[in-house]
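Chain letters run A, B, ... following the sequence lines, proteins first and then strands; every chain starts at 1.
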2 protein chains.
Amino acid sequence: MVSERSYKIGELARMFGVTPRAIRYYEELGLLESEDRDGPEHRRYSERNAIRIKRIQQLKDYGLTLSEISELFELARRDRSGVAVRESLASKYRSRLEDARKRREALDAYIDDLSWHVEQLERVQDFFECPGASCAHCRWSERCDVRLLVSSGA
Amino acid sequence: MVSERSYKIGELARMFGVTPRAIRYYEELGLLESEDRDGPEHRRYSERNAIRIKRIQQLKDYGLTLSEISELFELARRDRSGVAVRESLASKYRSRLEDARKRREALDAYIDDLSWHVEQLERVQDFFECPGASCAHCRWSERCDVRLLVSSGA
DNA sequence: TGTAAATTGACCTTTAACGTAAGGTTGTCC
DNA sequence: GGACAACCTTACGTTAAAGGTCAATTTACA
């Protein structure tokens, strides 16, 4: 049986567009395992660990933190069937999804508000004639945007 | 002429739901001006400055940083007509708006992806039989989610 | 045997908007 | 005039993830 190909840290770094430091950091967190060394020899990583870097990047892109990724990997180590891992991952994803949907709602409202304000700010004359407390434009304040700004400069 | 009502720092803090420290900080940044004091007397803020706190909160909610708000106020101080301020504010808002729209696009894509993954993860059997490189589910990776996770745990 | 690449360890970075602690002072009410 | 809360200044601390950046060696490959 031919021994599997192994990678040096710099190779991996180039392959995945990260720095050696990052890879060492991943190992420090228990996300990767280099082959056993006695003393400060150069690290060697198996193909399996190379793939894991990709995996880490993917999960990171999906918003998991390194420590969550670490948990997942640990779970996978204990639960070889993959069931618990799958459930854990699905649960994390669902939670992220919920957050994301809330963020999107907030973002939509924000975009609406901001568009409205931009429109109003572009309508110069109207604004200058803002009647104050009774101003129809003043949705979110007792006085509208410009008026307040101007009056706050005195 | 009756002298205008003035506020103590703690009053303002209670009125706007902030801490005295925050108000002092705003003053330190030049966003507020307390009445002249000789020595370490208690600060007194005019009505105008009270309104400004509200204004600061509004602009903050719209995503401006304190330093941007500071710029705006400074601009308002120099440009009494309000034109430059209005343009500056509109420009900042537009820029925020553009950012927000980009964020929303990214967020939408993220939500799509995540939903897809959750669906797949909930379909247990399919996943366990993932054929690897040719797996139809594997949109973003050479191997699909669970398979990779399981294999990375060994 | 030269030198590029790797090693460990330890501290540093980013970032805004305050928080917190300490020790002293002021203002107001009774 | 005294109690006491509220206030003052100064100055450092917080948050926090994911590495960055020395610095002084050591290893590994050609």
Residues in salt bridge (charged side-chain N to carboxylate O under 4.0 Å, His left out) contact with Glu71(A), at least two apart in sequence or another chain: Lys92(A)
Residues forming a side chain to side chain contact (heavy atoms under 4.5 Å, CB included) with Asp61(B), sequence neighbours excluded: none
First-last contacting nucleotides on DNA chain C - partner chain B, under 4.0 angstrom, heavy atom: dA17(C) to dT28(C)
Residue whose closest nucleotide on DNA chain D lies nearer the 5' end, Glu41(A) versus Tyr25(A):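 Nearest-nucleotide comparison on DNA chain D picks Tyr25(A).
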First encountered from the 5' end of DNA chain D, between Thr19(A) and His42(A): Thr19(A)
Would you tabulate the side-chain donor-acceptor contacts of residues 94-103 of chain A under 3.5 Å, counting partners in other chains and residues two or more places apart, or write 'none'?
from, atom 1, to, atom 2, distance (Å)
Arg94(A), NH1, Glu122(B), OE2, 2.5
Arg96(A), NE, Gly63(A), O, 3.1
Arg96(A), NH2, Gly63(A), O, 3.1
Arg96(A), NH2, Glu68(A), OE1, 2.4
Arg96(A), NH2, Glu68(A), OE2, 3.1

Minimum side-chain heavy-atom gap Asp112(B)-Trp116(B) below 4.5 Å: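 With C-beta onward as the side chain, the pair stays apart.
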Selection: residues 95-103 of chain B, any non-hydrogen atom under 4.0 Å of DNA chain C: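 DNA chain C contact set from residues 95-103 of chain B: none.
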Side-chain donor/acceptor of Ser88(B) to backbone N/O of Ala84(B), under 3.5 Å: no
Ile111(A) backbone acceptor or donor facing Ser115(A) side chain under 3.5 Å: yes
Pairs flagged by side-chain hydrogen bond (donor to acceptor under 3.5 Å, both in side chains) wherever residues 9-24 of chain B is involved - sequence neighbours left out: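 Residue pairs with at least one partner in residues 9-24 of chain B: Arg5(B)-Glu11(B).
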Partner residues of Glu47(B) under the side chain to side chain donor-acceptor pair (under 3.5 Å) criterion, sequence neighbours left out: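 For Glu47(B) the side chain to side chain donor-acceptor pair (under 3.5 Å) partners, ignoring immediate neighbours, are Tyr7(B).
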Side chain to side chain donor-acceptor pair (under 3.5 Å) against Ser46(B), all qualifying residues, sequence neighbours excluded: Asn49(B)
Interatomic distance, Arg86(B) atom CZ to Tyr93(B) atom OH [nearest 0.5 angstrom]: 13.0 Å
Sugar-phosphate only, base, or nothing, as touched by Arg43(B) at under 4.0 Å among non-hydrogen atoms: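 Answer is sugar-phosphate: Arg43(B) comes under 4.0 Å of backbone atoms only.
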Sugar-phosphate, base or nothing in reach of Arg14(A), heavy atoms under 4.0 Å: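 The answer is nothing, as Arg14(A) stays clear of every strand by at least 4.0 Å.
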Upstream residue (5' side of DNA chain C) when Lys8(B) and Arg21(B) are each assigned their closest nucleotide: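 Closer to the 5' end of DNA chain C: Arg21(B).
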Boundaries of the DNA chain D segment in contact with chain A, non-hydrogen, under 4.0 Å: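 Contact span on the strand: dA18(D) to dC29(D).
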Let me check something: any side-chain donor-acceptor pairs from residues 25-32 of chain A under 3.5 Å, sequence neighbours excluded? List them with distances.
from, atom 1, to, atom 2, distance (Å)
Glu27(A), OE1, Arg43(A), NE, 3.1
Glu27(A), OE1, Tyr45(A), OH, 2.5
Glu27(A), OE2, Ser34(A), OG, 2.9

